[in-house]
Amino acid sequence: MRQSLTARRTIGLALITGVALFAVLFASVSQSSARQGSKLVRGNMPGEWRYWGADAWSTRYSALDQINASNFGSLQVAWRWNAAVDGEDEYYRTTPLFANGRILTVATTHRYVYGVDPADGHTLWSWKLAEGIRWQKAPRQFAGRGLAYWTDGTEERAIVITPGYHLASIDAKTGKGDPKFGKNGVVDLMEGLGFPLVPLAVDDSGSIEISEAFPARKAKPGEKWNAATKTGADGTMGIDPANGELANSSPAVVIGDVIVVGNSAIHGYYPLKLRNMIGTVRGFDVHSGKQLWKFNLVPQPGEFGAETWKNGSKIGTAGVGKVDPWATWSSDPELGLVYVPVGMPIADEYGGHRPGDNLFANTVVAIDAKTGVRKWHYQFVHHDIWDYDTPMAPNLLDVTVNGARRKVIAATTKQGWVYVLDRVTGEPIWPIVETRVLQSEVPNEQTSPTQPIPTRPAPYSQQGLLAADLIDYTPAIKDSALKLAQKCRMGPYFIPPSPLDGKGKNGKSEYTCSWYAPGASGGVNIDGGTAADPETGMIYVGSQTGMSTTAVAKDPCSELDYTSPHDSCGKIGAAPAPAGYKPSADPAGRGGGFARVAAVTTIGGVSIFKPKEYGGITAYDLNTGDKKWWRPNGNFWRPAPVTDDPLFAGVTLPKVPNNGNQAEVITTKTLVINGTGRGGYGAGGRGGARGGRAGGAPGAAAPAAPAAQGPQLFAFDKATGNPVGAVAIPAFNTAVPMTFMFQGKQYIVFATGAGDNTTLTALKLP
Amino acid sequence: MPDLFCYPAVIRVIRGSAVGVLIACLLACVAGEATAQAKKPPAKAPSKAPATAPAAPPPAAVITTPATSTTLDSVYSPEQAGRGKEAYSMYCRSCHIPASHTGPVFKQWWAGRRVSELFEYVSTRMPKNEPASLAPEDYADVVAYLLKMNAMPAGKSELEADPTALKQIRIVTPTKRAKP
């Protein structure tokens with residue numbers, strides 16, 4: 001009795017102590033939240049830019065207004081930070097963060113991390129990780145889109161996912177790895193996926209080649225590094241590359257104290273193998289780096305959605321691989337949900353080996369950040385054979401639709417539509433109708449009978465190709481344009497790629513090429529995307545519109561029956577050449593084989609496509625779904641094409657808008673700020689790092705003479721789209737800009753350049 | 001309508017186009033163009049697109065007119081190759097590794113052909129997602145960088161973004177390959 005009384009007392013005491021401890025902890029958490037939370041708006045401190053897309057909602061919106069229509073043209077370069085001090089990059093695709101008085105960024109192909117002084121652009125600290133073969137054979141060997149940031153009001157962390165697939169938590173004040181996180185601040189993301197880590201080796205000194213030629217391999221027992229040939233085993237551990245490749249290109253998302261992490265994969269143009277690693281979403285504790293949960297983006301047997309892989313979804317099954325959440329993400333801290341845009345399976349333009357809708361490919365999945373449980377998902381493309389990855393963080397907004405306040409998510413994608421969903425339930429705000437679409441002629445390809453087509457808002461890019469899209473200034477012109485267009489398969493949207501060899505399901509195929517719009521580059525793609533105004537419910541879509549053609553063919557040394565036309569024979573990692581194989585005399589056979597893919601699209605130098613208000617910046621009011629205004633990228637118009645073709649005698653041809661290249665937009669209190677992107681087409685200079693491009697989108701003429709202006713940043717009135725300013729910049733921006741306030745001055749910062757000529761460039765008022 | 005492809009003589013190509021549906025017609029076009037253009041004097045680099053229709057680079061034998069120089073004659077400048085390297089980093093590097101267009105691979109596909117063929121190949125088919133999307137001058141810079149990567153000597157002149165001029169230059173690979 002006494003004993004039991006003592007025991008009860010002990011339990012009671014423990015309970016009281018526990019409650020008291022909990023109360024203390026709770027108070028401490030509340031205090032911490034109060035220090036941060038009361039001031040935070042959508043996860044961001046006003047005037048700062050703590051997420052890749054400004055805030056957790058990926059609005060790319062700042063309420064700052066020091067830089068406005070009255071002074072935009074007087075902006076000056078405040079400083080330029082050399083991003084290539086420690087090495088070169090591809091094009092510098094990073095949008096930096098600004099948090100608590102520091103710019104945080106990544107740079108170089110190694111994705112090193114830096115703290116930068118916002119007033120003068122000097123380097124505060126740097127953090128570097130040597131990844132050996134894991135880096136050498138990383139499929140995404142570039143600086144990446146940027147970083148994530150976490151703070152409890154005292155401690156601050158810059159969080160990076162490296163090209164070799166490590167997760168690091170770095171003290172944002174000092175640049176030192178957090179000693180309590182993983183091993184010296186680093187967690188190996190190849191652990192925790194259910195595969196053993198093995199020693200890696202290489203047979204060549206170069207990088208992996210698109211898509212998966214020249215890979216790493218498992219080391220042989222006792223294999224050593226040969227410093228002369230730069231081959232062999234260097235001690236790096238990783239998942240056996242025979243299973244496929246993992247990589248990363250976009251930052252993690254931090255929600256509460258959970259870091260949510262995804263991955264990217266190989267390019268899917270010319271895969272050699274029918275199997276690869278699958279995409280996953282995982283939660284990690286921000287303090288310890290411990291893995292909390294894992295969500296499979298190819299549902300494994302028994303998991304929701306596994307039946308959408310009719311030949312099986314188990315890792316290692318032929319046809320299973322990729323489905324990687326490679327783009328940037330969004331989150332809603334209040335709902336505790338992270339919104340994950342998901343890419344497509346292998347291969348980009350052929351899916352005969354993976355019949356079914358292939359969940360969770362081409363979706364946005366809403367996942368509870370604490371538990372890793374799927375709340376809802378929405379699939380934009382069933383059984384993708386167009387390379388229509390979901391390529392961009394969706395934008396979150398609260399709008400009033402038919403009198404009711406709605407929490408919405410707007411996903412702008414390569415397909416050229418805005419998919420507007422309730423972000424609590426995933427239900428469409430306006431009907432999205434499963435609509436019958438064209439079916440493939442390619443043997444064994446089982447196209448989805450329908451695709452979801454939004455009834456509202458109207459698209460922002462050219463959709464497929466119909467007779468009504470062709471120039472029809474006279475009956476003769478109409479007839480000529482149609483005859484030219486009919487060389488490839490036409491249709492309203494989702495036109496399946498055609499078999500290049502002319503062999504269809506039942507003998508000869510009707511077509512050997514198909515029109516392809518918006519095309520693999522979008523529409524919206526990772527360089528462009530959408531800014532949202534949380535105050536008004538407007539969105540500003542930066543996109544391009546284009547027209548190309550597609551076809552698929554057998555790569556003689558790939559396991560797949562069809563890929564984009566290519567010849568991989570002789571490359572490390574490719575299958576042996578079949579009996580009787582002869583390499584093509586045409587370099588196209590090796591380089592890409594586009595020779596017989598695309599078609600001529602001009603007559604006498606005049607495009608057969610009607611100029612349209614597509615690409616550039618399209619403004620929508622998401623309270624109503626109405627398109628409000630449109631401007632070409634950089635507000636740039638080409639003069640009407642000049643032709644001596646008698647077909648056009650007596651016809652006045654219209655001027656042609658610049659609807660090529662991804663417009664890169666952010667928005668402030670009053671402005672839409674538009675960087676023209678790495679092509680810089682709209683600003684008229686020459687291409688590459690220096691300037692414009694001479695290609696064309698539908699309606700564009702043949703390349704025109706470069707305009708006089710060099711690289712510029714443009715500003716438009718948010719409400720009307722009227723141009724209100726432009727300012728010359730030292731080089732074309734290569735990623736979405738950002739803005740912040742520091743010591744009473746508003747800055748606009750953007751990445752420029754490629755190779756060993758990369759910078760962050762900062763503008764401010766004089 | 002094959003005559004549509006060959007009439008008028010100038011066939012321009014925009015992004016996303018590239019390349020013939022009717023190979024025979026296009027090859028005929030190119031052959032015709034080659035003949036026609038060979039008669040013209042080398043022109044100043046135009047600001048417009050190459051005037052020839054894009055097609056598979058034909059066998060070297062198609063161009064029978066004598067070349068006036070080779071790629072060993074310092075036909076590009078270091079500055080141009082530098083610009084080309086930047087454009088290459090910007091648009092090409094994500095898909096290509098140096099091994100795919102240097103050394104034996106480059107020699108196998110391009111030795112004996114004309115620089116105009118390499119220029120037209122790159123400028124009408126690359127990058128994959130957006131063929132023909134750069135300015136002709138940028139493609140000429142990229143070609144200069146490809147020559148540099150293959151250890152061909154630099155000099156004072158620059159490659160012009162003009163197929164007629166580039167047709168005068170035959171691709172000859174050095175016997176010893178330097179590091180790219």
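What you see is a predicted model; the values in this text were computed from it and never measured.
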**Message:** Run B:V105 and A:K571 through side chain to side chain contact (heavy atoms under 4.5 Å, CB included) and show every step you take.
**Reply:** CA-CA 11 Å; B:V105 175; A:K571 294 181 176 179; over 6 Å; no
**Request:** Using the side chain to side chain contact (heavy atoms under 4.5 Å, CB included) rule, take B:S100 and A:E209 through it: C-alpha gap first, then chi angles, then the decisive distance, then the call.
**Result:** CA-CA 9 Å; B:S100 66; A:E209 187 186 46; 3.0 Å; yes
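Proximity of B:S94 to A:Y91: side-chain heavy atoms (C-beta onward) are nowhere separated by under 4.5 Å. Taking the side chain as every heavy atom from C-beta outward, B:E86 and A:E88 never approach each other to under 4.5 Å. Side-chain contact between B:M90 and A:T734 is present, with at least one heavy-atom pair separated by less than 4.5 Å. Counting heavy atoms from C-beta outward, B:Y91 and A:E90 have side chains that stay 4.5 Å or more apart.
Around the CZ atom of B:R170, the shell of radius 6.0 Å holds no more than 12 heavy atoms that belong to other residues, nucleotides or ligands.
Only the side chain of A:T109 has a heavy atom closer than 4.5 Å to any heavy atom of chain B. Only the side chain of A:F214 comes within less than 4.5 Å of a heavy atom of chain B; its backbone N, CA, C and O stay farther away.
Residues B:I97 and A:I208 approach most closely at CG2-O, 3.3 Å, considering heavy atoms. Of all heavy-atom pairs spanning B:C95 and A:I210, the tightest one is O-CG2, 2.5 Å.
Interatomic distance, CG of A:D756 versus OG of B:S89, reported as 7.0 Å (0.5 Å rounding).
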